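Just so it is clear: chains get the letters A, B, ... in the order the sequence lines come, proteins before strands, and each one is counted from 1. Just so it is clear, the model here is predicted, and its values are computed rather than measured.
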Number of protein chains: 2
Amino acid sequence: MQKSGQIVSADETAAARPRGRPRAFDREAALAKATRLFWLKGYEATSIADLTEAMGIGSPSLYAAFDSKEALYLEALRYYADHYSELVWGRYDAAATARQAVECLLLDSAAALTNTCDGNPPGCMVTLSSVDGEGHAELDARMRRARAAMLDRLEARLDQAVAEGELPASTDVQALARFVQTVQSGMSILARDGAGRGELEAVAGIAMLGWDAHTRDGGGI
Amino acid sequence: MQKSGQIVSADETAAARPRGRPRAFDREAALAKATRLFWLKGYEATSIADLTEAMGIGSPSLYAAFDSKEALYLEALRYYADHYSELVWGRYDAAATARQAVECLLLDSAAALTNTCDGNPPGCMVTLSSVDGEGHAELDARMRRARAAMLDRLEARLDQAVAEGELPASTDVQALARFVQTVQSGMSILARDGAGRGELEAVAGIAMLGWDAHTRDGGGI
DNA sequence: CTATTTATGTATCAACCGATACAGAAAGAT
DNA sequence: ATCTTTCTGTATCGGTTGATACATAAATAG
């Protein structure tokens, strides 16, 4: 890990170094704390006082480093995607077949959504985000787009599987993708209510039985 | 022992009528408005000003009719359960088999969660309630208990099906019940994101394929 | 009628919200 | 060392939150 965001290359540091007093706190570490707080309590319920206390800084420092509460939340979302989406989507991207990809997605979700040992809140920050529409329409639209992106990702992989012949042409790609998204979203709610990894893995197993039955022949409908 | 004659119990109406000025607004109608507002925006994001405006009353009247914002929310929860749970659980209770019960639950959920034509917000009020833990621990515990009650209801029906021989003794009742709860919970999130009834019904169909595969023989695991 | 009891509207409470003004402190540039 | 630039801590801004005090209006009981 790097210290306080200082860059390694020497020439760039000398050129880009600002003239005045450097920041006294680790911006990345503070962002990590803010991310966990937003992740745990949501946008509205997390106050500036909560954030400054968890980050160990005063409010002017917060507004100097990040522009506003909303901008900080957007950065927290990026931090979350950069640090945690790999746990869920890593094996999905590397899988050889769509079935393996989805199975990895659900199993890895079961593990990641319940991984509270290192201080992470249970459930997915994006799925559980309940930013109310009124007054924060921009954030709400951003969250909806993030959730829609997951559905697009699933549909793209399923379309590829149909094109490659892994899945029959009669597969209802949209319905199957939405089914996977439904299970993954529901797992976040169960995780927040205290369900453990093994319990969610069992849910994933039954979901994969639905996948198999649906993709076996004409969709089963 | 009462004298024969007046069965209507006119004494109760006369005796129970309060002496002073009667309430000028319909308490039940105001509770319905408050319920929809809480359902749409959640507990924290709904302010007293929002409530009084929607109900068409002033804040003193609100605090006279209901004790506090928290008490009003609890009454809204009861109103929600009394008026909307029948749409989802009605055919579940009347179904002859556990499979029919679960299928009815998921299909009726697909219809109810997307029924926004008469002003109802999409999704389930209980599932989507994201009352933050800190500061409102009592409400949070209540919501968790409500969600746990759904799981108990599913497990009880599955246990009965195993006892009656509908399902094989090797059925993993807890996992199957959690699977159904996961799908139903996930459907609320998709409904809030704009998914329609047909799309959720297709999800329910694939989920029932998972049910069939799991209950066919030894659980399939 | 008068007396009593309750609800309503206005106006406001203390506490907290997100966001800043200000002055002093700290560190590189020269 | 001095200057310049930036950050930090205190203290506070206007606005909103949930919740009330108060006086008034309204409706029943007698």
Asker: Looking at B:Asp67, I want to see if its CG is surrounded by more than 12 non-hydrogen atoms of other residues, nucleotides or ligands under 6.0 Å.
Answerer: no
Asker: Does a donor on one side chain sit under 3.5 Å from an acceptor on the other, for B:Asp108 and B:Tyr92?
Answerer: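 B:Asp108 vs B:Tyr92: no donor-acceptor pair found between side chains.
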Asker: Of B:Ala24 and A:Asp67, whose closest DNA chain C nucleotide lies nearer the 5' terminus?
Answerer: B:Ala24
Asker: In whole angstrom, what separates B:Arg19's CZ from D:dA27's C1'?
Answerer: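 Atom-to-atom, B:Arg19 to D:dA27, this comes out as 11 Å.
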Asker: When you measure from the side chain of A:Arg23, which nucleotide among C:dT5, D:dC7, C:dA19 comes out closest?
Answerer: D:dC7
Asker: Take the protein atom CD of B:Glu70 and the nucleotide atom P of D:dT17, then report the distance between them rounded to whole Å.
Answerer: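 It works out to 18 Å between those atoms.
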Asker: If I compare all heavy atoms of B:Ala191 with all of B:Leu200, which pair ends up nearest, and what's the gap?
Answerer: CB-CD1, 4.1 Å
Asker: Over how many whole Å does the gap from B:Ile57 atom CD1 to D:dA25 atom C1' extend?
Answerer: 17 Å
Asker: Find the distance B:Tyr63:OH to D:dA21:P and express it as a whole number of Å.
Answerer: 12 Å
Asker: Would you indicate what A:Phe66 reaches in the nucleic acid, counting non-hydrogen atoms under 4.0 angstrom: base, sugar-phosphate, or nothing?
Answerer: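 If one applies the 4.0 Å heavy-atom cut-off, A:Phe66 turns out to touch nothing in the nucleic acid.
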Asker: Could you tell me how far apart B:Lys69 (NZ) and D:dG18 (P) are, to the nearest whole angstrom?
Answerer: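 The answer, rounded to whole Å, is 4 Å.
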Asker: With a distance cut-off below 6.0 Å to the six-membered ring centre and an angular limit of 45° from the axis, does A:Arg27 pair with A:Phe25 as a cation-pi contact?
Answerer: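 Cation-pi check for A:Arg27 and A:Phe25: fails.
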Asker: Rounded off to whole Å, could you give me the CG-to-C1' distance for the A:Leu139 and C:dG18 pair?
Answerer: 14 Å
Asker: How does protein reach along nucleotides 11-16 of chain C, written 5' to 3' as B (base within reach of a heavy atom under 4.0 Å), S (only sugar-phosphate), or - (no contact)?
Answerer: B-----
Asker: What orientation do A:Phe38 and A:Tyr43 show, parallel under 30°, tilted 30 to 60°, or perpendicular over 60°?
Answerer: parallel
Asker: Grab the CE-P distance between B:Met55 and C:dA7 for me, whole Å please.
Answerer: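 Roughly 15 Å, once rounded to whole Å.
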Asker: According to a strict under-4.0 Å criterion, is B:Ser61 in side-chain N/O contact with OP1 or OP2 of C:dA7?
Answerer: no
Asker: Please determine whether a side-chain nitrogen of the Lys or Arg among A:Arg153 and A:Asp93 lies less than 4.0 Å from a carboxylate oxygen of the Asp or Glu.
Answerer: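 Salt bridge between A:Arg153 and A:Asp93, a charged N being under 4.0 Å from a carboxylate O: yes.
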Asker: Could you tell me the separation between the CD atom of B:Glu44 and the P atom of C:dC17, rounded to a whole number of Å?
Answerer: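 So the two atoms are 10 Å apart, to the nearest Å.
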Asker: Is the base of D:dA25 touched by the side chain of B:Arg21 through a donor-acceptor pair closer than 3.5 angstrom?
Answerer: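 Yes, the side chain and the base share a sub-3.5 Å donor-acceptor pair.
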Asker: Starting from the 5' end of DNA chain D, give me the residue, B:Thr46 or A:Gly58, whose nearest nucleotide shows up first.
Answerer: A:Gly58
Asker: Quick check with a 6.0 Å cut-off and a 45 degree axis cone: is B:Arg78 positioned over the face of B:Tyr80's six-membered ring?
Answerer: no
